[in-house]
J.: 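Sending over a structure as structure tokens; questions will come in a sec.
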Amino acid sequence: MRLLVTGGAGFIGANFVRATVEQRPDVRVTVLDSLTYAGSRESLRGVDSQIRLVEGDITDAELVGKLVADADAVVHFAAETHVDNALADPEPFVHSNVLGTFTVLEAVRHASSANPVRLHHISTDEVYGDLELDDPARFTDATPYNPSSPYSSTKAAADMLVRAWGRSYRVAATISNCSNNYGPYQHVEKFIPRQITNVLTGRRPELYGTGANVRDWIHVDDHNSAVWRILRDGTAGRTYLIGADGERDNLSVMRTILRLMGRSADDFDHVTDRVGHDLRYAIDPTPLRDELGWRPEHTDFESGLRDTIDWYRNNESWWRPLKDAVEATYQRRRR
Ligand code: NAD
Ligand code: DAU
């Protein structure tokens with residue numbers, strides 16, 4: 001299989017590429033990534049000789065057209081992904097997430113007239129908006145879209161384009177909406193790696209608001225095994241929700257990180273809450289389990305978190321160059 005992976009130098013994409021190279025020697029991987037602040041060649045170190053990495057933008061129609069015409073399948077991870085960045089400046093989100101997905105879809109549509117190209121579009125549970133803390137409901141593929149932030153609205157727009165291109169042009173596409181990922185190679189702007197690296201650099205961890213907000217955590221390797229299952233066995237036109245029953249409030253995640261790192265439970269600061277902060281996400285992954293037989297492997301969150309902390313301890317050279325700039329941005333925005 002000739003596989004094009006957009007955004008393969010980012011957090012989830014790099015883990016996907018690494019797992020693919022290790023586990024599927026029959027797959028020839030090309031990565032297309034513009035290496036924004038969130039993408040890094042370093043995340044592909046060790047597998048770089050076994051893949052082709054093309055530095056380029058997913059809105060470059062000519063480049064994307066050529067790469068897609070040379071592929072049997074495309075997994076589309078590339079996006080701007082951080083909610084706080086989207087609140088500060090939404091323009092890159094519209095560019096990469098909406099125009100970028102449009103460009104990928106057009107390339108798949110045109111290439112498929114000569115040779116069918118299968119597309120899997122990576123999306124997020126944030127397109128569904130949020131749930132009340134005490135609501136027993138979880139998101140399903142029937143939940144209406146109700147995005148809250150500039151980030152999630154651009155992801156929702158991209159999902160709508162994928163659905164329309166499937167119906168109107170018979171583009172053979174699946175979509176997955178996954179919950180919050182954690183694991184190695186995640187940018188230090190995000191909650192879990194930010195707090196781990198705050199402790200490692202002698203800064204105080206920061207919790208938005210009261211920390212009652214709930215996220216549904218899944219290990220990145222489980223997200224990626226689900227993506228492979230959908231790519232292989234999923235039905236074109238379908239949307240699959242990916243989650244691993246990992247609901248936890250931010251305060252308890254913070255306290256677990258502090259305990260695993262030998263700090264006291266109150267060794268953090270409450271800071272100003274995120275504007276429009278979504279309260280709770282929760283995924284019902286039943287169809288993925290029942291129809292495609294997928295199961296997560298990393299079901300022990302504390303053990304996954306311990307491994308993630310160890311990874312950041314042992315890979316300081318990967319995150320250290322990013323850390324000061326990220327914290328400076330957070331401090332500037334707070335003023
Ligand atoms: P990330 O920010 O770590 O990586 C994004 C990658 O896309 C980077 O390598 C970046 O350079 C690249 N990119 C951005 N704009 C580009 C453009 N215009 N052209 C080419 N490359 C571009 O993101 P991530 O956390 O790995 O997320 C990957 C995908 O998974 C995104 O589509 C995101 O919406 C989705 N997702 C993420 C999570 C999560 O918890 N992180 C959960 C569900 C879904
Ligand atoms: O649900 C999937 C989404 O998860 C993905 O689509 C996004 O790309 C990804 O960034 C993530 O979005 P969140 O906004 O949930 O993730 P973030 O890591 O930014 O924050 C997680 C929670 O922690 C959220 O409730 C805000 C809070 N938080 C975050 C930071 C950075 C803090 O309390 N303190 C912090 O310093």
Side-chain angles (χ1 to χ4, degrees), residues 5-16 31-41 43-44 54-60 63-64 75-87 92-93 95-97 99-101 103-104 121-128 130 139 147-149 151-152 154-155 158-159 176-183 185-195 198 205-218 220 223-224 227 241-243 248-251 253-254 268-274 277-283 326-327 330:
V5 181
T6 73
F11 162 47
I12 306 174
N15 279 287
F16 180 83
V31 168
L32 172 62
D33 198 299
S34 60
L35 301 178
T36 68
Y37 79 96
S40 167
R41 289 178 190 276
S43 302
L44 294 168
V54 178
E55 185 175 347
D57 200 291
I58 51 165
T59 60
D60 179 341
L63 175 63
V64 175
V75 179
H76 176 38
F77 289 98
E80 287 291 337
T81 62
H82 193 38
V83 173
D84 294 323
N85 292 347
L87 290 164
F93 290 72
H95 174 85
S96 292
N97 302 0
L99 195 55
T101 302
T103 309
V104 170
H121 171 67
I122 304 289
S123 190
T124 170
D125 57 359
E126 297 196 16
V127 300
Y128 299 112
D130 59 354
F139 299 137
S148 322
S149 74
Y151 162 66
S152 54
T154 59
K155 292 297 290 186
D159 292 9
S176 55
N177 298 85
C178 187
S179 58
N180 283 65
N181 287 219
Y182 74 99
Y185 299 103
Q186 186 167 30
H187 198 280
V188 292
E189 68 191 354
K190 304 293 191 331
F191 179 54
I192 288 180
R194 183 176 183 218
Q195 312 316 332
N198 274 3
E206 295 191 348
L207 189 67
Y208 295 170
T210 62
N213 306 63
V214 170
R215 296 293 181 265
D216 190 353
W217 294 99
I218 181 172
V220 64
H223 181 178
N224 284 331
V227 169
L241 274 66
I242 305 174
R248 274 179 179 75
D249 65 66
N250 293 341
L251 177 60
V253 174
M254 176 71 92
F268 69 92
D269 293 326
H270 288 276
V271 297
T272 314
D273 208 353
R274 176 183 279 171
H277 197 171
D278 279 342
L279 273 178
R280 171 175 161 251
Y281 308 136
I283 292 277
V326 165
E327 290 308 316
Y330 273 116

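In each ligand, atom 1 is the first atom listed, and ligand 1 is the first ligand listed. None of the values given here were measured: they were computed from a predicted structure.
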J.: Going by the atom numbers of ligand 2, which of them fall below 4.0 Å from some non-hydrogen atom of H277?
T.: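 Heavy-atom distances to H277 below 4.0 Å select 24 (C), 25 (O), 26 (C).
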
J.: Return the closest protein heavy atom for atom 11 (O) of ligand 1 as residue, atom name and distance.
T.: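 That would be D33 OD1, 2.6 Å.
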
J.: Please list the nearest protein heavy atom to atom 27 (C) of ligand 2 with its residue and the distance rounded to 0.1 Å.
T.: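 The closest heavy atom on the protein side is N250 ND2, 3.5 Å.
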
J.: When only distance counts, is I12 in polar contact with ligand 1, meaning an N/O pair under 3.5 Å?
T.: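 In this structure, I12 places an N or O atom under 3.5 Å from an N or O of ligand 1.
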
J.: Just need the protein heavy atom nearest to atom 44 (C) of ligand 1, so name the residue and atom and give the distance.
T.: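 Among all protein heavy atoms, the one nearest atom 44 (C) of ligand 1 is S123 O, 3.1 Å.
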
J.: Looking at ligand 1, is there an atom of it that comes within less than 4.0 Å of some heavy atom belonging to G100?
T.: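 G100 does not count as a contact of ligand 1 under the 4.0 Å cut-off.
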
J.: For ligand 1 and N181, I'd like to know whether there is a polar contact (N/O to N/O, distance under 3.5 Å).
T.: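 The answer is yes, given that N181 and ligand 1 share an N or O pair closer than 3.5 Å.
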
J.: Heavy-atom distances under 4.0 Å decide this one: backbone, side chain, both or neither, for H76 against ligand 1?
T.: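 Looking at H76 and ligand 1, no heavy atom falls under 4.0 Å.
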
J.: Answer with side chain, backbone, both or neither: which part of S179 has a heavy atom less than 4.0 angstrom from an atom of ligand 1?
T.: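 The answer is the backbone of S179.
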
J.: Is the closest heavy-atom distance from L35 to ligand 1 below 4.0 Å?
T.: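 It does, in that a heavy atom of L35 comes within the 4.0 Å cut-off of ligand 1.
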
J.: Please state which protein non-hydrogen atom is closest to atom 15 (N) of ligand 1 and give its distance, to 0.1 Å?
T.: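 Protein heavy atom with the smallest distance to atom 15 (N) of ligand 1: S96 OG, 3.3 Å.
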
J.: Could you work out, for atom 34 (N) of ligand 2, the closest of E206, H223, H82, R194 by heavy-atom distance?
T.: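 Considering heavy atoms of E206, H223, H82, R194, the nearest to atom 34 (N) of ligand 2 sits in E206.
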
J.: Look at atom 34 (O) of ligand 1 and find which of Y151, F16, Y281, F93 reaches it with the closest heavy atom.
T.: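 Ranked by closest heavy atom to atom 34 (O) of ligand 1, first place is Y151.
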
J.: On a heavy-atom basis, I'd like to know which of N180, N85, T81 is closest to atom 4 (O) of ligand 2.
T.: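 Considering heavy atoms of N180, N85, T81, the nearest to atom 4 (O) of ligand 2 sits in N180.
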
J.: Counting non-hydrogen protein atoms only, what is the nearest one to atom 25 (O) of ligand 1? Give residue, atom name and distance.
T.: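 It is F11 CD2, 3.7 Å.
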
J.: Under a 4.0 angstrom heavy-atom cut-off, which atoms of ligand 2 come close to Q195?
T.: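 Ligand 2 atoms under the 4.0 Å threshold to Q195: 34 (N), 35 (C), 36 (O).
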
J.: Against heavy atoms of Y151, which atoms of ligand 2 measure under 4.0 Å?
T.: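 That gives atoms 5 (C), 6 (O), 7 (C), 8 (O) of ligand 2.
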
J.: Considering S40, G39, A79 one by one, which has a heavy atom nearer to atom 14 (C) of ligand 1 than any of the others?
T.: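 Among S40, G39, A79, the closest heavy atom to atom 14 (C) of ligand 1 belongs to A79.
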
J.: Is H187 close enough to touch ligand 1? Criterion: a residue heavy atom under 4.0 Å from a ligand atom.
T.: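 It does not; every heavy atom stays at 4.0 Å or beyond.
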
J.: Does ligand 2 have an atom that lies less than 4.0 angstrom from a heavy atom of E189?
T.: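 E189 counts as a contact of ligand 2 under the 4.0 Å cut-off.
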
J.: Return the closest protein heavy atom for atom 10 (C) of ligand 1 as residue, atom name and distance.
T.: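 I find the closest protein heavy atom is T36 OG1, 3.3 Å.
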
J.: Check whether the side chains of D278 and Y128 place a donor and an acceptor atom closer than 3.5 Å, and report yes or no.
T.: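 The criterion, which ignores hydrogens and geometry beyond distance, is not satisfied for Y128 and D278.
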
